[in-house]
2 protein chains.
Amino acid sequence: MPESVLPPIRVLVVEDEPLAAEAHAVYVGRLAGFELVGTAGTGQDAFRRVAAAASAGVPIDLVLMDMNLPDSHGLDVSRRIRAAGLATDIIAITAVRDLENVRGAIAAGVVQYLIKPFTYSTFAAKLTSYRHFRRELNEQASVVTQSAVDHAFASLRAPADISRPKGLADSTLNAVVAYLQAQAAPVSASELMKPLGLSRVTARRYLEYLADLGLVLRAPRYGTPGRPENEYSWTNAR
Amino acid sequence: MPESVLPPIRVLVVEDEPLAAEAHAVYVGRLAGFELVGTAGTGQDAFRRVAAAASAGVPIDLVLMDMNLPDSHGLDVSRRIRAAGLATDIIAITAVRDLENVRGAIAAGVVQYLIKPFTYSTFAAKLTSYRHFRRELNEQASVVTQSAVDHAFASLRAPADISRPKGLADSTLNAVVAYLQAQAAPVSASELMKPLGLSRVTARRYLEYLADLGLVLRAPRYGTPGRPENEYSWTNAR
DNA sequence: CACGGTTGCGGTCATATTGTTCACGAGCCG
DNA sequence: CGGCTCGTGAACAATATGACCGCAACCGTG
């Protein structure tokens, strides 16, 4: 079953302060799987861009929305987007951190809430977890089970485990990546253990990590007796 | 922290089928910390009730929204509530489980997505996790931290218990469903084994499962020698 | 027209092989 | 020397496969 490479997630940065806007834009550009489609400085402009993109057939997938805009509040813009029925997800970015705003953000269908100031790693964690969510939904042809839906919703939450190789050693990781890149055909965990001298458990752990990161594709291999074996292949995309 | 100080979460059940509405109402009543404020049978009625309660100063906290309503779609009602800026959370309840609806639900700020039919324990798990979320937010003073917000979001979408029958793998199930949906003509178990690389036994097991769920139709195929072969076709129900 | 033979799928079971988890040990750093 | 990190091996759970038998409809003969 051919698994297509995912198109990048199209992002619009909404932020009135030029310096911050620039910073966010740079951050987005640094992340794999995201494509910056522009920045907007006002609520008006933001809504227009989102609506225009949707009707032009190249919808904006994600908006990084500052709450404090010169002409309106970010929540109002979010509500307008909702009211128009646009299928755009929104991550709120704000220095305001009172309860009412958080509640309001959730009620406006905001997917994540980032409090300024934040570090790049926090930012990256949020967006990565969003990418995770997108990928999981895309892997489903059609959502069939409650567990699949639960999984998708759960990956919208903020895990701190992104890009933090916990329990993984850099040297081993490098070896695995190098071997995968050299190999044209997909590789299974058992096939990895011999050439690299790793145990099955360890090999699988690294492959699984890379798959979660979206760097390798994972697909079950049928046809042999026994539980199906997952095979992993390096994605040359990007 | 004493739980009794919290006011109950006020719930509105939106469901046009009287039997289901009654069942949901009973379920809500059985859960501690929730208070049923009524049921609505149409989208119009639902919106009116939510708006009226908000302006009367006794806002509805949570709506259990059926997606299939006689006068409009649940997502449209959700968008209207959003557009009005009402701080009400929504849990979607639906038998429809395609990708588009799930995406749309998230974009409409839906907090959880329950697939009908569900057991009481699934229902209870979803509402309990929502109650957790409410409590966490209420425990905060007016100023919140990033980690507190993260925590709240996480428990908002915490996965509940699941009940995919054992012996079936999600990835295989997805592959089968995807193939069935892509195929216009009915498919037999043997015909499924080649394109997906599955054995006949496995293919049949998944097809049989989907048939039991009512997602595919099963019919014997006559005219060929040998025992008649069952053919399965995706039901485009809805 | 009746009736046994042929055919090829339906259903079940044992088997194979991996995924997962857990406790433990080896190396490293302070 | 103590604590932390990472890999290993073993035990257990999960899940597809192959083989086997029986069945239900076609297909011949009488």
Side-chain angles (χ1 to χ4, degrees), chain A residues 1 139 144-145 147-148 151 160-161 163-179 185-213 216-233, chain B residues 159 161-179 185-213 216-233:
Chain A
M1 180 154 178
E139 274 177 7
V144 174
T145 59
S147 68
H151 222 95
D161 57 29
S163 72
R164 202 170 27 142
K166 173 144 189 178
L168 304 181
D170 275 351
S171 58
T172 312
L173 188 58
N174 284 334
V176 171
V177 169
Y179 185 79
V187 173
S188 78
S190 339
E191 288 158 12
L192 193 57
M193 60 184 288
K194 293 149 206 161
L196 291 192
L198 290 171
S199 78
R200 212 186 69 207
V201 177
T202 305
R204 200 192 64 83
R205 209 150 40 101
Y206 282 91
L207 289 171
E208 208 53 38
Y209 169 70
L210 290 171
D212 279 348
L213 235 59
V216 304
L217 288 181
R218 168 182 42 203
R221 176 190 293 171
Y222 300 108
T224 63
R227 180 168 174 161
E229 181 177 17
N230 276 334
E231 59 181 23
Y232 304 81
S233 55
Chain B
D161 85 319
I162 38 89
S163 54
R164 175 173 47 79
K166 278 193 174 179
L168 300 185
D170 259 353
S171 56
T172 309
L173 188 58
N174 279 329
V176 171
V177 170
Y179 187 78
V187 173
S188 77
S190 341
E191 287 159 13
L192 194 56
M193 60 183 292
K194 293 148 209 160
L196 291 191
L198 289 172
S199 77
R200 189 180 54 87
V201 175
T202 303
R204 197 190 65 83
R205 205 150 45 97
Y206 282 90
L207 288 171
E208 210 54 38
Y209 168 69
L210 289 171
D212 282 347
L213 237 59
V216 304
L217 289 179
R218 170 183 41 201
R221 177 190 293 170
Y222 300 105
T224 62
R227 180 171 175 166
E229 186 176 10
N230 279 334
E231 60 181 23
Y232 304 81
S233 56

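Any value given below was found using the heavy atoms of this structure, including those in side chains, with hydrogens, waters and symmetry copies removed. Labels below follow one simple rule: chain letters A, B, ... track the order of the sequence lines, proteins then strands, and each chain is numbered from 1.
- Qualifying side chain to side chain contact (heavy atoms under 4.5 Å, CB included) partners for A:R221, counting only residues two or more places apart in sequence or in other chains: A:S188, A:E191, A:E229, A:E231.
- At D:dG7, one or more side-chain N or O atoms of A:Y206 fall inside 4.0 Å of OP1 or OP2 (strictly under the cut-off).
- Where the helix from C:dC1-D:dG30 to C:dG30-D:dC1 starts and where it ends, the local axes point in directions that differ by 10°; five pairs per end, rounded to 10°.
- Considering only heavy atoms from C-beta on, A:L207 stays 4.5 Å or farther from A:V216 through its side chain.
- Contacts between chain B and DNA chain C, taken as any atom within less than 4.0 angstrom of a protein heavy atom, begin and end at C:dT7 to C:dT12.
- Legend: residues meeting side chain to side chain contact (heavy atoms under 4.5 Å, CB included) with A:T202, ordered by chain and number and at least two apart, are A:L198, A:S199, A:R205, A:Y206.
- Here the C1' atom of nucleotide D:dA16 and the CD atom of A:E231 are 15 Å apart, to the nearest Å.
- Atom CZ in B:R221 sits about 14 Å away from atom P in D:dC26, given to the nearest Å.
- Residues B:L196 and A:Y222 share a closest heavy-atom pair of O-CD1, 3.7 Å.
- Taking atom CZ of residue A:R204 and atom P of nucleotide D:dA14, one finds them 14 Å apart after rounding to whole Å.
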Across nucleotides 17-24 of chain D, 5' to 3', mark each nucleotide with B, S or - according to how protein heavy atoms within less than 4.0 Å reach it.
BBB--BBB
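- The residue A:S190 sits close only to the backbone: its heavy atoms come under 4.0 Å of sugar-phosphate atoms, none of a base.
- Taking every heavy atom of both residues into account, A:A203 and A:A189 meet most closely at CB-O, 3.8 Å.
- Among residues two or more places apart in sequence or in another chain, the side chain to side chain contact (heavy atoms under 4.5 Å, CB included) test is passed with B:S233 by B:P186, B:L217.
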Between B:L173 and B:Y209, is a side chain to side chain contact (heavy atoms under 4.5 Å, CB included) present by the stated rule, with each step listed?
CA-CA 9 Å; B:L173 188 58; B:Y209 168 69; 4.1 Å; yes
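- The line from CG of A:L192 to OH of A:Y232 is 10.0 Å long, rounded to the nearest 0.5 Å.
- Remark: A:T224 engages no residue in a side chain to side chain contact (heavy atoms under 4.5 Å, CB included) (not counting sequence neighbours).
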